[in-house]
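To keep things clear, I will list the structure first and then write my remarks on it.
Positions are given from 1, in the same order as the sequence printed here.
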Amino acid sequence: MTLQRKVKHISECFVRPQHDLSQDTKQPIYLTPFELPFLNLNYSQKGLLFAKPPPENQDFSITIFLEHLRRSLSATLNHFYPLAARLATRIEENPPSYVIYIDPENSPGVKFVHATVDATVSDILAPDVPLVVHSFFDLNDAISHDGHTLPLLSIQVTELTDGIFIGGSVNHILADGTSFWHFMAAWSEIFRSKEKTGDCISRPPLLKRWVLEGYSPITSLPFKHHDEFIHRTENPQVKERFFHFSSVAVSKLKAKANEECNMQKISSLQAVSALLWRCVARVRCQPPNSETVCKFVINNRCRVNPPLSDDYFGNLVDIIKGTTTVEDLMSHGLGWAALKMHQVVKNHDDAAVKKWVESWYKNPVVYKLNGLLHPNIVHIGSSPRFDMYGCEFGLGKAVAARSGFANKADGKMTMYPGREGGGSMDVEVCLLPEYMMALECDEEFISALKE
């Protein structure tokens with residue numbers, strides 16, 4: 001079913017931190033080699049769908065609910081104040097310098113949108129993601145560099161007939177998935193607290209940026225004008241579908257991969273990712289001798305030495321990849337593909353991270369989205385380890401998590417924890433329609449979904 005209903009924006013405002021910034025927190029926050037390459041990427045868009053209290057619940061008021069959201073968001077921004085700021089660029093001619101940074105002194109706030117749509121929770125839960133979900137997020141066409149003038153975070157609360165969707169669009173150079181869900185957990189914690197002042201939270205963010213020893217925290221890019229590196233890409237029309245892997249199905253895949261490798265080190269995520277890589281490569285019918293690539297986003301916090309806490313707020317991810325030929329991927333089993341991914345992850349250690357950072361300093365690059373996604377790639381993003389369903393806002397546990405329009409392309413896989421927990425996973429698969437049709441009939445893929 002194609003859902004053609006339109007989302008109607010009711011109101012919007014900007015939410016600033018509850019308290020004024022101190023002199024220390026007004027200092028520029030300089031971006032790192034992990035963040036600057038993502039200036040061309042669209043904002044990251046993730047959100048949660050909640051069931052609305054039944055009509056007989058006279059205590060629920062959308063007006064009061066929105067006010068509580070705004071007030072608790074303001075208190076949360078006391079801790080996550082960079083989200084309320086904007087980007088700035090400082091250009092100097094002698095010596096030549098082009099520095100992009102977060103400017104907390106320019107802090108108009110987080111955008112907060114209230115919208116409505118004539119749709120139900122069951123409409124949104126359909127396996128084929130309805131296009132209307134894209135309208136549950138703000139800033140659909142924005143890229144990270146636009147954060148000079150656009151909000152670094154926009155929250156849209158969309159009221160459905162029987163549900164409420166809270167969607168966040170966050171600038172990709174400001175926060176990766178670990179940091180976004182950290183922010184959401186803190187917001188949820190403050191919302192549910194009685195005071196809603198948020199003076200103390202269980203996991204305050206660590207805002208000091210990681211800097212490679214021997215290097216300056218201020219990074220100058222080799223440009224004179226943003227036209228030299230800005231590149232906007234039109235997202236292709238792909239079909240988006242959710243597939244659910246129960247905890248039993250995941251355990252079977254993991255056991256199979258480890259048995260085939262005669263080891264016990266293949267993780268659940270590596271096993272599921274290997275399955276996706278094999279099945280997508282098969283349905284694309286690529287030539288046997290052609291290259292096929294599985295890229296995945298990896299969190300560097302635990303890779304560097306000394307390791308960083310998950311409370312480190314920023315973008316600290318790398319994109320690593322496994323590469324082989326279609327013939328080799330098809331002729332070997334699930335375990336072979338999973339082991340290839342395991343080895344790539346294992347090799348991404350402290351030395352590898354710092355070697356990459358040093359090479360980037362010697363030749364700073366800003367990625368183009370079409371360079372990250374192309375027809376032979378399967379790209380694994382997000383993580384089933386994020387505690388998405390721990391974020392509650394007085395409406396009980398979320399019914400589902402969903403993503404927006406941004407950064408979608410043929411071969412993009414977005415990983416989520418299953419709602420029931422226990423190691424279950426949901427995978428949002430984005431493929432061209434003909435490939436999606438073939439995947440839904442692929443024997444290896446369908447059998448893996450069964451318990």
Side-chain angles (χ1 to χ4, degrees), residues 5-19 45-80 83-84 109-125 130 132-139 151 153-170 180-202 387-404 419:
R5 293 155 192 171
K6 294 284 184 73
V7 169
K8 181 181 179 183
H9 281 211
I10 304 299
S11 65
E12 62 179 57
C13 64
F14 286 88
V15 178
R16 302 184 71 242
Q18 200 174 57
H19 305 316
Q45 299 177 320
K46 298 291 187 295
L48 296 168
L49 176 64
F50 297 90
K52 192 188 292 184
E56 57 268 23
N57 185 344
Q58 299 296 318
D59 293 335
F60 180 77
S61 159
I62 187 64
T63 303
I64 295 173
F65 177 70
L66 290 170
E67 180 54 34
H68 286 175
L69 282 177
R70 282 189 290 263
R71 197 184 335 149
S72 55
L73 175 58
S74 177
T76 309
L77 292 175
N78 291 338
H79 305 278
F80 294 81
L83 290 168
V110 168
K111 190 176 178 184
F112 187 92
V113 179
H114 172 216
T116 61
V117 64
D118 182 19
T120 65
V121 167
S122 61
D123 290 333
I124 308 308
L125 292 179
V132 73
V133 171
H134 294 168
S135 300
F136 291 177
F137 297 89
D138 193 26
L139 307 176
L153 172 66
S154 181
I155 299 293
Q156 181 173 317
V157 182
T158 305
E159 186 182 2
L160 289 75
T161 305
D162 58 352
I164 290 173
F165 190 91
I166 301 176
S169 301
V170 66
F180 175 74
W181 290 108
H182 179 194
F183 157 76
M184 290 292 287
W187 185 16
S188 164
E189 179 184 349
I190 291 173
F191 181 94
R192 288 178 291 152
S193 70
K194 292 180 180 179
E195 297 295 327
K196 292 191 174 59
T197 59
D199 290 337
C200 294
I201 55 175
S202 57
D387 186 20
M388 302 180 187
Y389 290 99
C391 302
E392 297 186 19
F393 295 90
L395 300 172
K397 187 176 180 178
V399 179
R402 290 293 184 264
S403 67
R419 186 178 187 271

Worksheet item: With a 4.5 Å heavy-atom cut-off, do Leu160 and Thr120 have their side chains touching?
Response: no
Worksheet item: What's the shortest heavy-atom distance between Val15 and Leu77, and which atoms?
Response: O-CD1, 3.4 Å
Item to complete: List the atom of Arg5, the atom of Ala119, and the distance in Å for their closest heavy-atom pair.
Response: NH1-CA, 3.7 Å
Worksheet item: Does some side-chain heavy atom of Arg402 sit less than 4.5 Å from a side-chain heavy atom of Leu49?
Response: no
Practice prompt. Check whether any side-chain heavy atom of Val110 sits under 4.5 Å from a side-chain heavy atom of Pro151, and report yes or no.
Written response: no
Worksheet item: Is the side chain of Asp138 donor-acceptor paired with the backbone N or O of Gln156 at a distance under 3.5 Å, no angle test?
Response: no
Discussion item. Taking the ring centre of each residue, are Phe137 and Phe165 less than 6.0 Å apart?
Written reply: yes
Worksheet item: To the nearest 0.5 Å, what is the distance between OG (Ser122) and CG (Asp162)?
Response: 6.5 Å
Worksheet item: CD of Gln18 to CG of Leu73: how many Å apart, nearest 0.5 Å?
Response: 10.5 Å
Worksheet entry | Nearest atoms (heavy-atom pairs only) where Val7 meets Ala115 | CG1-CB, 3.6 Å
Discussion item. Measuring only between side-chain heavy atoms, which start at C-beta, is Leu153 closer than 4.5 Å to Phe80?
Written reply: no
Worksheet item: How many angstroms lie between SG in Cys200 and CG in Asn78, if you round to the nearest 0.5 Å?
Response: 11.5 Å
Worksheet entry | Donor-acceptor pair, side chain of Arg192 and main chain of Ser188, under 3.5 angstrom | yes
Practice prompt. Taking the six-membered ring for Trp and the single ring otherwise, decide whether the centroids of Phe393 and His68 are under 6.0 Å apart.
Written response: no
Worksheet item: Would you find a donor on one side and an acceptor on the other, under 3.5 Å apart, between the side chain of Ser74 and the backbone of Arg70?
Response: no
Practice prompt. Look only at the side chain of Glu159 and the backbone of Ile62, and say whether a donor-acceptor pair between them is shorter than 3.5 Å.
Written response: no
Worksheet entry | NZ-OG1 distance between Lys52 and Thr161, expressed to the nearest 0.5 angstrom | 7.0 Å
Practice prompt. Return the minimal non-hydrogen interatomic distance between Ala51 and Val399, and the atom names on each side.
Written response: N-CG2, 3.7 Å
Discussion item. Taking Glu12 first and then Lys111, would you say they form a salt bridge - that is, a charged N and a carboxylate O separated by under 4.0 Å?
Written reply: yes
Practice prompt. Please report the closest heavy-atom contact between Ser72 and Trp187, naming both atoms and the distance.
Written response: OG-NE1, 3.0 Å
Item to complete: Determine yes or no for a side-chain-to-main-chain donor-acceptor pair under 3.5 angstrom, with Arg419 supplying the side chain and Ala398 the backbone.
Response: yes
Worksheet item: Relative to the ring of Phe65, is the ring of Phe191 parallel (under 30°), tilted (30 to 60°) or perpendicular (over 60°)?
Response: perpendicular
Worksheet entry | Contact summary for Ala401 and Met388, nearest pair of heavy atoms | CB-SD, 3.9 Å
Worksheet item: Would a distance-only check, ignoring hydrogens and angles, find a side-chain to backbone donor-acceptor pair under 3.5 Å from Ser403 to Lys46?
Response: no
Discussion item. So, taking the atom named CG in Leu139 and the one named CD in Gln45, what distance separates them when rounded to the nearest 0.5 Å?
Written reply: 7.5 Å
Discussion item. Applying side chain to side chain donor-acceptor pair (under 3.5 Å), can you list everything that pairs with Ser135, at least two apart in sequence or on another chain?
Written reply: none
Worksheet entry | Tyr389 side-chain N/O to Leu48 backbone N/O, donor-acceptor pair under 3.5 Å | no
Worksheet item: Checking Asp387 side chain against Trp181 main chain: does a donor-acceptor pair fall under 3.5 Å?
Response: no
Discussion item. Let me confirm one number: the CG-CD1 distance from Leu83 to Ile155, rounded to the nearest 0.5 Å.
Written reply: 8.5 Å
Practice prompt. Inspect the surroundings of NZ in Lys397 and state if more than 12 heavy atoms from other residues, nucleotides or ligands are less than 6.0 Å away.
Written response: yes
